[in-house]
Structure formats: C-alpha cells, structure tokens
Amino acid sequence: MNNIFVYIELEGGKVADVSLELLTKGRELADTLRVKLEAVVIGHGVGELASELAKYGADTVWTADDAIFAPFRTLPHTAVMCGLIEEEKPQIVLFGATCIGRDFAPRVSSALHSGLTADCTQLVIGDHADPKSGKGYKDLLYQIRPAFGGNIIATIVNPDHRPQMATVREGVMRKEYAAKTGAGERKTIDWKKYVKDADLAVKIVDRQIEERKIDIKGAGVIVAGGYGMGSKENFRLVHELAAVLGAEVGASRAAVDAGFTDHARQVGQTGVTVRPKLYIACGISGQIQHTAGMDQSAMVIAINTDPEAPINKIADYVITGDVNEVIPKMIKYYKQNSK
C-alpha cells in the first residue's frame, strides 16, 4: 500500500529505455519515502522480465500476461492499470512521455480522478504549505517541468488526490543499475476481473512501423546548430564538423522551423533529450526550451556572436564569434592535428 508504481513500456518485446530510467528515479524516490518500488508490466510473454527489472531496483513486478495485451491497445491496458491501482493504492505512478504514455496516462488519470503532470524534467520529494488554508503537507511529489512555452520552470504538487501521477520524457533521467538489486518478486495480476468485453471492441488489423532513420538520443558527441547558422546552406558546416568529429547532428527548434534540418534532429522541450559527453552548440541562443533537452551533457561548448547568450551560462567553454568563421577553423585545426 502507498508504494510507487512505474508502468513498464515494451518496444519489440524489450523494455523501453524510458521505463528503466523511471525505475532508477523511482528507486531514489522510494528510498526517500521508505516504501517499495513496484513495476507494472502488461503484455505477452513478459514472464522473464522480473530479473531484469530487479536490477534497476524493482521490489515487486506485477504482470498481466496474455495475447490480448500485445500489441498495445488503450482500453484493455487502462482497465488493468486502473483496477490494479484501485486495489493496491500506490501514492505515485510514473509513465514515460512516449506515444503510448501520452495516450495511456491521461486516460488512467481521468478514470481515477487524479492529477497528471506531463513532460516532467525533475521529480523530487518535498513538503508543501497551502498559502490559503495554511494546511501543511509532508512528502509530496514535486512534479517539475517547463511551463508557459518554456519561459519558466513550474513546480506542481497534488496535495489531496492519489495517486500522484506524472509522465517523463526519455533521456531526462539517468538509467543505471540500483546500488542494491530489488527483490523482483513477481505477482500476477488477476486481469480478467478488470477487463470487460467492451474493452476489447477495438481490434488491430495491421501495423506499419518504420524504423527511425535519425536517432541522436544515444550519441556520445553532438554538434547542434541553431538559427544563428543563418541558412540551410550554412547549416552544412554543422554536418561537416560532426563528420570530422564522428558526431551526430542536432538542432534547435528555430533551426528546424526555418527548414535548416529535419525535426528528428531537434533537441529540447519539443524534441529529444540528450546526454552526450560533448555538446557543441553552434549559433544557438540557449532559451530554456532548448537547454531543457541538453543541460545534462557532460561538457558543453558554445559558439555565438552574443557574449551574453543564455547558452553561455551552462557552457563549460564559450567561443564568442561568427559560427561561419569559427567552424571552418575548428575543422581545419582538427584535421591537421588528428593525423
């Protein structure tokens, strides 16, 4: 009772990275609250996942294993998740902010009449005092995310309704094995008492899945270009620098909106979240919408004509100058000194 649930999303029979990241964060939250961390897996052929999830700190692994749950369908998954939550009464439930999570979590939240904060970038346990009533609350989940177009960082709490629910985007949290392996105790969900015939009304006739041609989220080095590159032609310099460094190419939303490159390369609040060892920001001002997607990079180099650009505040090294002059010099220097 009052433990932490993490919904485990499956991709091609494997656990999605975002779910493992949430288990890592969930383990931290559970230790703070001194409760158990419980994973919920709904799918087909999922019986062997308990040991893997235990490595990331799961004390309990709830499974609903049947062919009707694969591939994902909203209604039967919602029926199972809502039934389990109402029975076990967790205080926190976490989902990945994926296509499935964004479909699934709001429906669960609505059915349970609880709150839901989407696209969180941080999750912290803390206390809250209501300024109107003066009532104090202990150990709430601080659901932290950019708001008002990314112009502010909002901390959202849900004092009176349970469970507290949030979705988190892939790459925002760390993914690592727990310091102490969880028990991984497998418990079978009695899903037949939750799923009704009406929940199976929608049938999947065919699925067309196209592999992503561009995937920068796991890159060790990223060279990202912004609107400051000036044009699509100038943006080629970003590709050239990335090529000599063996890096991936990223971009700000402004560069994507201007047609300089593909949306799949967009880093930030409305793009992908990355954690490379090196992030080179070329002609990017560094508004919060962008930095929310790359501020966990191990090292940041910023190239910008504006010495007061916001990106400079989080950069480890700043080069003040025209990117169209600086980048060719970087490429030339690297080629001369990397032989």
Subject >> Pairwise distance CD1(I319) to CD1(I301) - rounded to 0.5 angstrom >> reply: 6.0 Å

**OP:** Taking the side chain as every heavy atom from C-beta outward, state whether P310 and T291 have any atom pair closer than 4.5 Å.
**Re:** no

Subject >> Note, F95 side chain near E9 side chain (heavy atom, < 4.5 Å) >> reply: no

Original post:
Does atom CD of E48 have more than 12 heavy-atom neighbours, drawn from other residues, nucleotides or ligands, at distances under 6.0 Å?
Top reply: no

Original post:
With a 4.5 Å heavy-atom cut-off, do V35 and I92 have their side chains touching?
Top reply: no

**OP:** With salt bridge (Lys or Arg N to Asp or Glu O under 4.0 Å) as the test, would you mind laying out the steps for K25 and E28 before giving the verdict?
**Re:** CA-CA 5 Å; K25 171 54 71 170; E28 177 187 319; 3.1 Å; yes

**OP:** Just do the salt bridge (Lys or Arg N to Asp or Glu O under 4.0 Å) check on E87 and K193 with the steps written out, would you?
**Re:** CA-CA 12 Å; E87 202 164 288; K193 66 182 180 182; 3.1 Å; yes

Subject >> Donor-acceptor contact below 3.5 Å, side chain Q289 vs main chain G268 >> reply: no

**OP:** State the CD1-CD distance between I8 and E38, to the nearest 0.5 angstrom.
**Re:** 11.5 Å

Subject >> Any donor-acceptor pair under 3.5 Å from T63 side chain to D65 backbone >> reply: no

**OP:** Give, for atom OH of Y7 and atom OG1 of T167, the distance between the pair rounded to the nearest 0.5 Å.
**Re:** 13.5 Å

**OP:** To the nearest 0.5 Å, tell me how far N324 CG sits from T305 OG1.
**Re:** 10.5 Å

**OP:** If the plane angle is over 60° it's perpendicular, under 30° parallel, otherwise tilted; pick one for F69 and H77.
**Re:** perpendicular

Original post:
For the atom pair CG (D295) and CD1 (I314), what is the distance rounded to the nearest 0.5 Å?
Top reply: 5.5 Å

Original post:
Quick one: does T78's side chain have a donor or acceptor within less than 3.5 Å of a partner on T74's backbone?
Top reply: yes

Original post:
Would you call R73-D199 a salt bridge at under 4.0 Å N-O?
Top reply: no

Original post:
With side chains defined as the heavy atoms from C-beta onward, is the minimum distance between L84 and F5 less than 4.5 Å?
Top reply: yes

**OP:** Check whether any side-chain heavy atom of L94 lies under 4.5 Å from a side-chain heavy atom of L123, and answer yes or no.
**Re:** yes

Original post:
Could you give the distance from CZ (R275) to CD1 (I222), rounded to the nearest 0.5 Å?
Top reply: 12.0 Å

Subject >> Side-chain (R145) to main-chain (A118) donor-acceptor, under 3.5 angstrom >> reply: yes

